[in-house]
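Accompanying notes for the structure given below.
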Amino acid sequence: LLPILSYPDPRLRTIAEPIKEVNDEIKTLIKDMIETMYDAQGIGLAATQVDRHVQLIVMDLSEDKSEPMVFINPKVTPLVEEKEPYEEGCLSVPDVYDKVERPKKVRIEALDENGESIDKEVEGLLAVCIQHEMDHLNGVIFVDYLSRLKQTRARDKVRKVLKIREKQGET
Ligand SMILES: O=C(O)C[C@@H](Cc1ccccc1)[C@H](O)SCc1ccccc1
Ligand SMILES: [Zn+2]
């Protein structure tokens, strides 16, 4: 399992580099990220969150964690002006949930783990999640869209959750 960086860790603000070659190191990272995402009960995970600054996202929206998706060097383009609110969470900002508005329908262009091209138009949770993950690769966290007050509360909340997890770790 890979450790997930917690807000407001400055490393989460790093801009990820494009992946030049899907070599064994990247293939191992993909496997480790998928395992880490499942363990953390996430439906998406960006490499930035595990302190690896390459343009790589893994996602799995299936109920039984059986359909992992891999996006390498992804490009996301809004297809409509219309935005839709969604109650977002983030594995890097534990126990914080709040509404974020994002374009309802987007186009995803990327490579998959075999270097094959992906080019599809998505909406719904898939569109929300890919935009949330793309933000991570650009050093953006969903709390950045919230008020200053909510950002302060988020920082305090994460500090508390991490203390409790430390204690649990000790027992
Ligand atoms: O931290 C991450 O990037 C994983 C995110 C992905 C996500 C954020 C907002 C909306 C959808 C997905 C979540 O922590 S995964 C946990 C989760 C599961 C179902 C619905 C919302 C959030
Ligand atoms: Zn996140």
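In listed order, ligands and their atoms are each counted from 1. Computed from a predicted structure; not experimentally measured. Numbering of residues begins at 1 and proceeds along the displayed sequence.
Taking a cutoff of 4.0 Å between a charged side-chain nitrogen and a carboxylate oxygen, Glu121 and Arg107 do not qualify as a salt bridge. Between Asp119 and Lys75, none of the side-chain N atoms (NZ, or NE/NH1/NH2) sits under 4.0 Å from a carboxylate O, so this pair counts as no salt bridge. For the pair Glu84 and Lys104, the salt-bridge criterion is met [side-chain N within less than 4.0 Å of a carboxylate O].
If you look at Glu133 next to ligand 1, the close heavy atoms, those under 4.0 Å, all belong to the side chain. Contact annotation: for Leu45 versus ligand 1, there are no heavy atoms closer than 4.0 Å. Of all the heavy atoms of Glu87, none lies under 4.0 Å from any atom of ligand 1, so neither backbone nor side chain is involved.
Arg153 CZ: 12 or fewer foreign heavy atoms inside a 6.0 Å radius. Taking a 6.0 Å sphere around NZ of Lys120, one finds it holds 12 or fewer heavy atoms contributed by other residues, nucleotides or ligands.
In terms of protein heavy-atom proximity, atom 1 (O) of ligand 1 is nearest to Leu91 N, 2.7 Å. For atom 13 (C) of ligand 1, the closest heavy atom belonging to the protein is Gly89 O, 3.9 Å. What sits closest to atom 19 (C) of ligand 1 on the protein, heavy atoms only, is Ile43 CD1, 3.7 Å.
For the atom pair NE2 of His53 and CG of Leu12, the computed distance is 8.0 Å after rounding to the nearest 0.5 Å.
In this structure, Ile4 falls outside the shell of residues with a heavy atom less than 4.0 angstrom from ligand 1.
Atom 22 (C) of ligand 1 is not flagged as protein-proximal [any protein heavy atom, distance under 4.0 Å].
For the pair Asp60 (side chain) and Ser66 (backbone), a donor-acceptor distance under 3.5 Å is present.
In the candidate list Ser92, Cys90, Cys129, Ala40, Cys129 is nearest to atom 7 (C) of ligand 1, counting heavy atoms.
Residue-ligand proximity, His132 to ligand 1, at heavy-atom distances under 4.0 Å covers atoms 1 (O), 2 (C), 3 (O), 8 (C), 9 (C). Shown in contact with Gly44 at under 4.0 Å from a heavy atom are these atoms of ligand 1, numbered in order with element: 2 (C), 3 (O), 4 (C). Using a 4.0 Å cut-off to heavy atoms of His136, the atoms of ligand 1 that qualify are 1 (O), 3 (O).
Between the NE2 atom of His132 and the NE2 atom of His136, the angle taken at the Zn ion (ligand 2) works out to 100° after rounding to 10°.
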